[in-house]
Amino acid sequence: MNNLKLFWEVPLGLRLQSNDETVRFSTIDIERNRIFFLSSHNLIYTSHLSSFHETGVWSRNASLPADAVTVDLEPGDSVTSFDYLMENEALLIGTSNGLLILHNVDDGSGATQVVGQLDGGVNAVSLSPDGELIAVTTGFAQLLVMTHDWDVLYEVPLHDDVSDDCHVSEGNSLPVSWRGDGKYFATMNDVSDSGCMLKKIKVWDRDSGELLAFSEPRNFAGAVLEWMPSGAKVAAVCDGKDENECSSIVFFERNGLERSRFSVDAKVKFMKWNCSSDLLAGVVECKSYDAVRIWCFSNNHWYLKHEIRFLKRDEVKFIWNPTKPLQLICWTLGGQVTVFNFVWITAVMDNSVALVVDGSNIRVTPLSLSLMPPPMFLFNLKFSSNVRGMAVYCKNSKNQLAAFLSDGSLCVVELPLIETWEELEGKEFNVEASHTELVLGSLLHLEWLDSHKLLTVSHYGFSHSSDSFQASVVGGLQGFYLREVELECFEDVIPGLLTCSGWHTTVSEGQALEELVIGIASCPANKQTAYIQFSRGQIQEYVSKSGISRGSLVQEQQGFSAACPWMSVVLVGSAGPSKQVLFGLDELGRLHVNGGIVCNNCSSFSFYSNLADQVITHLILTTKHDLLFIVDIADIFNGELDIKYSNFVRISNRKKEENGSYINIWERGAKIIGVLHGDEAAIILQTTRGNLECIYPRKLVLVSIINALVQKRFKDALLMVRRHRIDFNVIVDYCGWQAFSQSASEIVRQVNNLGYITEFVCSVKNENIMEKLYKNYVSVPCPKVLIDTLVGSPPNCPASNKVSSVLMAVRKALEDHITESPARELCILTTLARSDPPLLEDALKRIKVIREKELSHADEQGRMSYPSAEEALKHLLWLADSDAVYEAALGLYDLNLAAIVALNAQKDPKEFLPFLQELERLPAQLMQYKIDLKLKRFEKALRHLASAGDGYYDDCMALVKENPQLFPLALQLFTGHTEKMQFLEAWGDYLSDEKCFEDAATIYLSCFNLDKAMKSYRAINNWSGVLTVAGLLNMGKDQMLSIANELCEELQALGKPGEAAKIALEYCGDVNTGVNLLITARDWEEALRVVFMHRREDLIETVKNASLECASTLIGEYEEGIEKVGKYLARYLAVRQRRLLLAAKLQSEERAASDLEDDAASEASSNFSGMSAYTTGTRKSSAASFSSTATSKARDARRQKKRGKIRPGSPDEEMALVEHLKGMSLTVEARRELKSLLVSLMMFGEGETCRKLQLMGENFQLSHMAAVRLAEDTISSDTINEHAHTLEQYALKVKSELRNSEAFSWRLQVFLPYQSI
């Protein structure tokens, strides 16, 4: 559904050297971008195609610069063929006398060379696409194929019966057409034995000259033969006069069989494919004019897309640009050369209405009502001549169409509201031309300013205009003008009907243009303003004036860096005042926005709006790599395109999580032709075949759902969620479940459909979907300000989680706003069953009430508002686990209800009936106790058993011992002193068995069992607790001493010499042992204090010798530690460097392999992972993830066991080295002991030893901290600097930064070096 738009044309006159001279042939040199013309006086004119793009070519008297060279021919000889031979860089000319002339156009002399002469004369010459071969047909119907070095490969007759007198009549051409790859070529010649003028198409092999196929004899019109460059079809023209039909353009396959055809209402004189094979142009001869018509093929239908009329005396001809498929060059006998540049534009307008041009028809299809595949349509607008251009106005409930026709007339149609178009299906409406008093000229770039005013570019006085256009030249009006056209309808507009006639136009005075206009876009905010784009991308604002006075170009806007044939002006900015933004797409695929380039490989773009005022919220674009991107407008202006959309290229890393920013288009070359705005949230794509595909991208669907939620259109949001199979939790999670709970009443009231509400209730789950499933599609959650705007600040919710809170709110809303009915009751039961945890007891209580009402036979009319108890119970069993429902029924202690549940759950009566009968025979408290015990409700079981009487005390004790968590409850239930003491002792025994000796000792103390309390303290080596309890037991001095000695020995064995020293000194009075233990604990200052306190001078030397020995040992350890730190660090750096080099190599190889995979990927991929449920086609299996998860856990467990070992060459060697380095640090206890030792050495006068020890310890600590910091810096970096990443550099850095830190507080100030401030 595309239309062909003429976005600029440049007419220039070729100045011929005499008045009777005419142009006969033309050809193009694609290497040097030159065009050659051959005149009737044998003059060759050479001009550059770049001349059509130079400044000033729109001036009224502009001519085409050209160099002229004469080709000398013998008298009576004439040129029959003219082409450019690229291999020889010369023009090849064939003459009627049989000369093949090579004319050199580059040496300046115009030298010509006769390379051969053929008998019968040269009829036609055709070069192969690769330029290697030349096919020539002669006047004797001979076919010669030769190389560009003029070596003849073969010569064959074209006619079936070869005779000596076979000669082609004058004016009868024998055309030759090559397939695009040059492997085959086709010819057309007369059938000599037929009485009528029948012709036959023959297909030949390039290399051997073998005749491969031929068609049936047909009445072909003229010598029109064109093989499509892509090789699919050979086009020819058949005359339909014998069959009383119109002429037809017929397409043949390579085997000579007819494939398809379409009718033409005029004689086709000449025909040519463009280089991309999607357009077929032809010169047709009508009664009063000649015309160049352009057809295209889509969905098995040929559309007439454009018609350019010329005067018959001009005998127009044309040539396609071989490198630009949409550039057409037309020329006339008088030397008028016009370059037409076309672009494909979508036929789908902003209101989702497709208006497809097909000759004199515009096929109308409202895609928002029905997605009709072309060439189908809803109704047809019929015009008096072929349509050249159109513009649509769709604002303020008005739908108007203006169409410019090839005969120069302007037609206007006012359409009714789209909602009434279904009544127009299948109808055709004839549209009359509007009445005007002033000649409009030939129009370009029609654009509506408002519902009664058009802005257009009109031009006058060129030879491809009709006679009516020429009349304006008499009055001096010639050139290009910017005009306003005011419209007025003198017929009454009938609602529901089309207004196709009665329109009058008033043309304002034009503003002359001196520069090429390639686009006009109206301003969406101001109906009297438009933006005009000129040839180099400059933008000027046009402001309309009232009355018939002309408007003016008021100021220049920020334009594009290149000409953009596709231009749009949109309103953006939903938060705050909106602003106008210009988007433009140039022919190279660069998408321009406000002077910058957003995307470099864009193939089509459109916009989406979910707001009522049509402010654009999203840009939608496709790339040349067949990716569809949906871009938030805010991301463009916030500079987040590269981060979020990866510069609009495919992400090749397969391990990367699924990206929601783009969708893989499943068919190559598909483009956007339309967007359905608002809640529809759809994108319409058209493939190269022509069929339509409507997709619902998940991102747009989510945006429309969220927009509906913000606008409090909860029913619309729910319907969209159901239609597109989006997770229902979106409704809850976008604004948070606390806010949803406050809006539940309004949601239930709007939806008012219990089926939909039940479906929603069953889908609520305890996770945030917006942060998990849809985090790649909707980036930001609803802000708190928006929540407050929607529902106010939510109070504290009584429920504990999302599911319970939401379902409680829904249940309350159902009870308050929905009339009582069986469906409502079932929905309420659903909310109870789906709660987390399920409120099955509450549900059964409601069913119990219904059952009681049924049994009482009361309120027979009220029973109609409730379901039957059996129906409600079956509904509950369908929602919840049957065993859980049965246990919940037992928990209500209603045996009859439990029996009913069991029967409806299809349980075996042999299993549940004996148990229920046994319970029925028990007293109430014991029955409840048995049920609680079965349901493992031990707290209730203990309460019921305790209330059964003192005779069940032993059973209570046994129950509590089996379930120790009941001990606190038992102490509350049994308040008697004896019973309480027994429970406390049992509790202490349990804790002692569980090795919780500290708590057990406390419990034993509370029940005055001191012996067991002492054993508990002794078990955990709590010597203070043991000695305290011993004091409570009034033990003798000898017993206390014995216990103290035992504790002292035990603490020594456990490696706690400091605590053992305390017992030896305080309870045993053994100073020698106490001092030795303090020396073992390296508590040097305390040892000296004790020695001097007890005046034991004999122990002073012992402490001194021990301290000196310890200092010597530490100095050696620190020296060895410094050496180890250096060794481990060097090994780490070597391993890290090798790992980085290997990673870089693997990454480069992986990137190369990924590029190959992308190039070899299927063009028809069906990965629709970025779309909604209607277009989602693939799901990933999770079996592999389970196995891989289990494997990874086992691997992690093995690695955990081996952690701490450094295995050279292992994958974990780097981290093991770093962890080992970190483990070599000085602990807090080591620093305390070191400082105590330094102080003691100073007390003994060993200053030199003290200084040496402090220096060595400081060096070790600096080296260690520097090595750890270096390792941490390089472990997160991809490079290692051999000069910066050294231990010496980091040691200096650590020393300067941490010299006064807490880590070095153990040092003595007396040995610190002087530091200047």
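Only a predicted model underlies this, so the values are computations on that prediction, with no experimental measurement involved.
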**Request:** Check step by step if ring-ring contact (aromatic ring centres under 6.0 Å, His included) holds for Phe379 and Phe429.
**Result:** CA-CA 8 Å; Phe379 61 91; Phe429 301 91; 5.8 Å; yes

**Request:** Please assess Arg388 against Glu307 for the test salt bridge (Lys or Arg N to Asp or Glu O under 4.0 Å), listing each intermediate value before the final yes or no.
**Result:** CA-CA 6 Å; Arg388 285 192 61 183; Glu307 182 183 77; over 6 Å; no

**Request:** Would you please test Leu333 and Val23 for side chain to side chain contact (heavy atoms under 4.5 Å, CB included) and show each step?
**Result:** CA-CA 5 Å; Leu333 289 178; Val23 179; 5.8 Å; no

**Message:** Between Phe262 and Trp295, does the ring-ring contact (aromatic ring centres under 6.0 Å, His included) criterion hold? Intermediate values first, please.
**Reply:** CA-CA 10 Å; Phe262 69 92; Trp295 296 273; 5.5 Å; yes

**Arg206/Asp130 under side chain to side chain contact (heavy atoms under 4.5 Å, CB included): CA gap, chis, key distance, verdict** = CA-CA 12 Å; Arg206 162 200 176 109; Asp130 57 4; 3.0 Å; yes

**Prompt:** Given Lys233 and Glu253, is the side chain to side chain contact (heavy atoms under 4.5 Å, CB included) satisfied, shown in steps?
**Reply:** CA-CA 5 Å; Lys233 292 173 274 193; Glu253 297 181 355; 6.0 Å; no

**Message:** Working note: Trp227 + Phe185, criterion ring-ring contact (aromatic ring centres under 6.0 Å, His included); need CA distance, chi angles, decisive distance, verdict.
**Reply:** CA-CA 8 Å; Trp227 201 323; Phe185 63 91; 8.7 Å; no

**Criterion side chain to side chain contact (heavy atoms under 4.5 Å, CB included) on Lys199 and Val191, from CA distance to verdict** = CA-CA 5 Å; Lys199 297 182 180 181; Val191 179; 5.6 Å; no

**Prompt:** Going through the distances and angles, do Trp320 and Phe340 end up as a ring-ring contact (aromatic ring centres under 6.0 Å, His included)?
**Reply:** CA-CA 10 Å; Trp320 286 103; Phe340 298 93; over 10 Å; no

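For Lys200 and Glu216, the salt-bridge test fails: no basic side-chain N is under 4.0 Å from an acidic carboxylate O. Taking the charged nitrogens against the carboxylate oxygens, Arg313 and Asp290 have no contact shorter than 4.0 Å, which rules out a salt bridge. Between Lys183 and Asp181 there is no salt bridge, since none of the side-chain N atoms of the basic residue sits less than 4.0 Å from a carboxylate O of the acidic one. Ion pairing between a basic and an acidic side chain is recognised when a charged N comes within 4.0 Å of a carboxylate O; Asp265 and Arg293 show such pairing. Ion pairing between a basic and an acidic side chain is recognised when a charged N comes within 4.0 Å of a carboxylate O; Lys269 and Glu315 show no such pairing. Salt-bridge check for Lys324 with Glu587: failed, with every basic side-chain N at 4.0 Å or more from each acidic carboxylate O.
One finds the OG1 atom of Thr332 at 9.0 Å from the CG atom of Leu311 (value rounded to the nearest 0.5 Å). Interatomic distance, Leu279 CG to Leu4 CG, rounded to the nearest 0.5 Å: 6.0 Å. With values rounded to the nearest 0.5 angstrom, Leu6 atom CG is found 12.0 Å from Ile518 atom CD1. Interatomic distance, CD of Glu258 versus CZ of Phe251, reported as 10.5 Å (0.5 Å rounding). From Arg309, atom CZ reaches atom CG of Asp407 across 5.0 Å, with rounding to the nearest 0.5 Å. Once rounded to the nearest 0.5 Å, the distance linking CE of Met228 with OG of Ser276 reads 10.0 Å.
Checked by atom type and distance alone, the side chain of Thr346 pairs as donor or acceptor with a backbone atom of Val348 at under 3.5 Å. In this structure, the side chain of Asp314 does not engage the main chain of Val316 through any donor-acceptor pair within 3.5 Å. Put simply, the side chain of Trp448 gets close to the backbone of Ala391: a donor and an acceptor are under 3.5 Å apart. Ser604 places a side-chain N or O within 3.5 Å of a backbone atom of Ile672 that can act as its donor or acceptor partner. Looking at Ser458, its side chain never comes within 3.5 Å of a backbone N or O of Ser442 through a donor-acceptor pair. Within the 3.5 Å criterion, the main-chain N or O of Lys671 finds no donor-acceptor partner in the side chain of Thr622. Counting only distance, with no hydrogens or angles, the side chain of Ser26 and the backbone of Phe36 share no donor-acceptor pair below 3.5 Å. A donor-acceptor pair under 3.5 Å is formed between the side chain of Trp566 and the backbone N or O of Trp344. When atom types are taken as modelled, the side chain of Asn299 and the backbone of Asn691 share a donor-acceptor pair closer than 3.5 angstrom. In this structure, the side chain of Ser173 does not engage the main chain of Asn123 through any donor-acceptor pair within 3.5 Å.
Between Ile329 and Ile28 the shortest side-chain heavy-atom distance falls below 4.5 Å. In this structure the side chain of Leu446 reaches within 4.5 angstrom of the side chain of Leu454, judged on heavy atoms. Counting heavy atoms from C-beta on, the side chains of Trp204 and Leu143 come closer than 4.5 Å. Here the side chains of Cys394 and Val353 are not in contact, with every heavy-atom distance at 4.5 Å or above.
Note on ring orientation: taking the six-membered ring where Trp is involved, the planes of Phe82 and Phe25 are tilted (angle from 30° to 60°). Between Phe270 and Phe318, the two ring planes are perpendicular [angle over 60°; tilted spans 30° to 60°].
Closest approach of Pro129 and Arg179 over heavy atoms only: CG-O, 3.2 Å. Closest heavy-atom contact between Val79 and Leu38: CG1-CD2, 3.3 Å.
Ser247 and Lys267 share no side-chain donor-acceptor pair at under 3.5 Å. Under 3.5 Å, the side chains of Ser352 and Ser368 contain no donor-acceptor pair of N or O atoms. Looking at Ser406 and Asn386, their side chains never bring a donor and an acceptor atom within 3.5 Å of each other. Between the side chains of Ser96 and Thr80, not a single donor N or O lies within less than 3.5 Å of an accepting N or O.
Counted within 6.0 Å of CG on Asp350, heavy atoms from surrounding residues, nucleotides or ligands total 12 or fewer; the atom is thus considered open. Enclosure of atom CD in Glu425 is not indicated, since only 12 or fewer non-hydrogen atoms of other residues, nucleotides or ligands lie within 6.0 angstrom.
With sequence neighbours left out, Phe7 forms a ring-ring contact (aromatic ring centres under 6.0 Å, His included) with no residue at all.
Among Asn3, Asn2, Asp358, the one residue that satisfies the side-chain hydrogen bond (donor to acceptor under 3.5 Å, both in side chains) test with Lys305 is Asn3.
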